[in-house]
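Single-structure report; data block below.
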Amino acid sequence: MSIVNADGSILARDSSVVGNLDMGTPSVLWNVAKKCFTVGVISLTVSDLFASIVPVRGASMSPTFNPKTNSLLDSLSDDRVLVEKLCLSNYKFSHGDVIVFCSPDNHKEKHIKRIVGLPGDWVGTIYDVVHVPEGHCWVEGDNSASSLDSRSFGPVPLGLVKGRVTHILWPPHRVSSVERKTSRNRVSPS
């Protein structure tokens, strides 16, 4: 196939030149789409299996997260945390770990709290001593005055745990690892 100019001269005879003129743009778009799809699948796999970034809302874990929650720009200053999910393979948790879990009352809500008691522990509350059953954990917020936690809804099934919080990633001036804090005088092993 030839491309002929208006004066009759031949511009090109090679079909590859014609093919590049006709198919160049769709080919580039297709390659970009394939690369974006591949990056998306890899990101989703990493997010589901290994780690993800989660925003922390509210004051229930203050001062560990969101130490200043009274400003008008709360959502912009909310902490963002790294949640590692490798701990879920054998439910490897320790006293003082901060975890993300689905609410036992509403599975669409996610909460971030600290593990106070593990299966078999006895946890002292204000009114009683509670036994943590097998397959469950007892969680509480660091700011007990504004925390909806196991004191309200009881022990949390380990199957609802989505991961362990390891680092604060945002805002930049608060980037750090999350420490384990335990209150030994409230928990006794079985």
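Positions are given from 1 along the sequence. Computed from a predicted structure; not experimentally measured.
- Counting heavy atoms from C-beta on, the side chains of Ser150 and Val132 never come closer than 4.5 Å.
- With values rounded to the nearest 0.5 angstrom, Ser52 atom OG is found 10.0 Å from Glu84 atom CD.
- Panel note: side chain Ser94, backbone Asp97; no donor-acceptor pair is recorded below 3.5 Å.
- The shortest distance between side-chain heavy atoms of Phe93 and Leu158 falls below 4.5 Å.
- Note that CD1 of Ile168 and CG of Leu82 are 11.0 Å apart. Values are rounded to the nearest 0.5 Å.
- Between the SG atom in Cys137 and the CD1 atom in Ile99 there is a gap of 4.0 Å [rounded to 0.5 Å].
- Two residues are said to be in side-chain contact when any heavy atoms from C-beta on lie closer than 4.5 Å; His111 and Ser60 fail this criterion.
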Does the pair Ser144 and Arg151 meet the rule for a side-chain contact (heavy atoms from CB on, under 4.5 Å), with working shown?
CA-CA 10 Å; Ser144 61; Arg151 293 171 291 185; 3.1 Å; yes
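- Remark: side-chain polar atoms of Arg114 are paired, donor with acceptor, to backbone N or O of Gly96 under 3.5 angstrom.
- With rounding to the nearest 0.5 Å, the separation of CH2 in Trp30 from NZ in Lys35 is 13.0 Å.
- Here the rule is side-chain contact (heavy atoms from CB on, under 4.5 Å) with Val156, and of Ile115, Val139, Asp149 only Val139 fits it.
- Considering only heavy atoms from C-beta on, Pro171 comes within 4.5 Å of Asp79 through its side chain.
- A donor-acceptor pair is defined here as one N or O able to donate and one able to accept, closer than 3.5 Å; no such pair exists between the side chain of Asn106 and the backbone of Ser103.
- Two different hydrophobic clusters hold Phe65 and Val175 under the rule that ILVMFWY side chains link at heavy-atom gaps under 4.5 Å.
- Judged by distance alone, the side chain of Asn66 and the main-chain N or O of Ala59 form no donor-acceptor pair under 3.5 Å.
- Rounded to the nearest 0.5 angstrom, Ser147 OG and Glu140 CD are separated by 7.5 Å.
- A side-chain contact (heavy atoms from CB on, under 4.5 Å) with Val56 holds for exactly one of Ile112, Thr64, Val98; it is Ile112.
- A side chain to side chain donor-acceptor pair (under 3.5 Å) with Asp121 is found for exactly one of His136, His95, His131, namely His95.
- Side chain of Asp142 to backbone of Ser62: no donor-acceptor contact under 3.5 angstrom is found.
- The CZ atom of Arg164 sits 8.5 Å away from the CG atom of Leu88 when rounded to the nearest 0.5 Å.
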